[in-house]
Amino acid sequence: MVTGADVAALLAELRGRAPLVQCITNSVVTGFTANALLALGAAPAMVDNLEEATVFAGVADGVLINVGTLTPALGETMVATARAAGSAGTPWVLDPVAVGGLPLRDRVAAELVPLRPTVIRGNASEVISLSGADGGGRGVDSTAGTDQALDAARSLCERTGGVVAVSGPTDHIVSADATSTVSNGDPMMTKVTGVGCALGAITAAFAACAPAPDAAFAATAVWTIAAEIAMERASGPGSFAVQLLDALYALEPADLERLRR
Amino acid sequence: MVTGADVAALLAELRGRAPLVQCITNSVVTGFTANALLALGAAPAMVDNLEEATVFAGVADGVLINVGTLTPALGETMVATARAAGSAGTPWVLDPVAVGGLPLRDRVAAELVPLRPTVIRGNASEVISLSGADGGGRGVDSTAGTDQALDAARSLCERTGGVVAVSGPTDHIVSADATSTVSNGDPMMTKVTGVGCALGAITAAFAACAPAPDAAFAATAVWTIAAEIAMERASGPGSFAVQLLDALYALEPADLERLRR
Amino acid sequence: MVTGADVAALLAELRGRAPLVQCITNSVVTGFTANALLALGAAPAMVDNLEEATVFAGVADGVLINVGTLTPALGETMVATARAAGSAGTPWVLDPVAVGGLPLRDRVAAELVPLRPTVIRGNASEVISLSGADGGGRGVDSTAGTDQALDAARSLCERTGGVVAVSGPTDHIVSADATSTVSNGDPMMTKVTGVGCALGAITAAFAACAPAPDAAFAATAVWTIAAEIAMERASGPGSFAVQLLDALYALEPADLERLRR
């Protein structure tokens, strides 16, 4: 995936297919995540109880598993759903929110990685922690540089056979044999809760339509470019969140020319 | 209920009484649902643990039970709360989100219907599935036409003695002896999560003030008309959700003249 | 804390430190609470499972415990987290949402008060109920006058050694030896869910930077002044919520001159 035009073509395909994306995500961001998927052109389904989630993973076109707020029962549901997605061939995205020093999510994430997520999306600290090194995270914020996370990302790719997307001022999409970057976006993305989590969901939607490296690249491109457009109309984080959904919904091929690799 | 003026009168009564609406709803839409009730002039209370919910059903003026995200424990709370509402004479609304092929919600919904919800509100697929037929749903989206759901709605009305409101491009409010329609609204309502769920809550608020057929009709009318006004000011789904709350809050009798039956 | 300039200085300090605020709060307001903390300049972390929450209370700079939506398990987590915060010397805020006549939250709140919250923030009914008197609440709304709650607040201060902030048209910040008031704000604050809950979180953020009476005063001042600015730009509750976050984010020292004590 090289150009904005490629991303535009994939976005058009996604909108035509309206992939059904199952989200097992944290309680803070469920509404914003669903709205981001709807604005993208996907169909969200927040099916997260054990009994239904494993069934649904075989029906969904993509699955997001985000460990931001866990209970032991929800952790079990995540592991079972990841297995079900794997068995059904449904692509799935792991978002290891705040992994690194918090026991329950560390354990659940450690169980999820060997189930081979199609894409792992996190910030630098989370990716480093997930790989087994000390990520130096502080809550949900990253204190490590994106570049430092590349080694950790490659290590994870070897174990999962998938892609690792490291979010930051520059986003890095790492796979076994290649790394691409997206340098779009705006710092205001860190001032609205769930912007990163929504990117995980958007990635799951694209993963229903394209190979993992292209999916992660396209998801990052459309979301960060929408953010740039939103900032041109926003006066703070409240209006930014509103405009971000509007911009994603209205995103046109010409907007993708903003892509900075 | 025949005219926009009737709806306006009922809205004025609701705003004067500020009914207390207990919501046991899904985790995606709690905030938007509460904000919709506040914008309407009602008082939301999201009391959803077993011990308190059954107490509160005797205090509340109306109850919403929405099965969008379930756990087994929450399902038990819903059934117990529906019983408590029935015993207390509190009107209650069932929203059978995504019923049809997902085991836990299908079971819980099947337990709730015999408890005779005052109003059932769902899309065509959900209403058809709830009635026992194959609804052909795909996640939370309806794949069946609204008209096809009318037979299912009438069958449910016979079992509950209540009303069934089938949401869609044209909304149908079905009771044992009559069907009315509302043809207002905008397709953007399907691009914001929780718009349908909020209608269930608004219906519960009106059910505290009027007989079930009038309540379901008025709720549908005010929400879909507010949506039309919101679309005149919105530039996408993000701003539509914001404007929808503003429009509902400011809705005036003259706005109800937009009603298309 | 006497002047708007004092509040401005404390806000500048908070923004420089970006305190990490752990929130165990109700499921309706998690997103809005996190966004309010981000707009303020703090770092939210919604860590609310038993195992992690007690660990995190020793890492966080402040903790919010809000009993708005409970399960028995979440109640246990709250008590354990309050203990952990106390042991670690982390300031914590109790928001006794809708306490008074609802059994589970009444029991949990009764366990939390002896653990000596740094600040208790509630409306008049909640504060009166929490003190053991009959608060006359109706769901989450207060039916008692703010003034009536002052005796209850003083009684609670004696038991906790902390501060009680009574929210209302005039806010009262009560400690053992003094009471201060803030008369800013707008009635629209009661038409958006989570505005009061967010004030609890903002109070926890300030409590990481200042003694409890100053923290509660500053939190109330910045939030109610931001609300006044937001109302100048809003056309209803939907846009008010958006503008409130924008206004908080952009709050400048000169804005604090609006302070009415």
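Computed from heavy atoms alone, side chains included, the values below leave out hydrogens, waters and symmetry copies. Letters A, B, ... mirror the listed sequences (proteins, then strands); counts begin at 1.
Of the two parts of C/V29, neither the backbone nor the side chain holds a non-hydrogen atom closer than 4.5 Å to a non-hydrogen atom of chain B.
Note that CG of B/L38 is 10.5 Å distant from CG of B/L248, once rounded to the nearest 0.5 Å.
Counting heavy-atom pairs closer than 4.5 Å to chain C, the top residue among B/N35, B/L245, B/T33, B/T25 is B/N35. In terms of heavy-atom pairs under 4.5 Å with chain C, the best-connected choice from B/V242, B/V59, B/V55 is B/V242.
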Derivation and outcome, salt bridge (charged side-chain N to carboxylate O under 4.0 Å, His left out), residues C/E111 and C/R107: CA-CA 6 Å; C/E111 284 189 71; C/R107 279 202 309 277; over 6 Å; no

May I have the step-by-step check of salt bridge (charged side-chain N to carboxylate O under 4.0 Å, His left out) for B/E232 and B/R258, ending in yes or no? CA-CA 14 Å; B/E232 294 167 4; B/R258 291 169 176 253; 2.9 Å; yes

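Side-chain contact check for C/S239 and C/R233: no donor-acceptor pair (N or O, by modelled atom type) lies under 3.5 Å.
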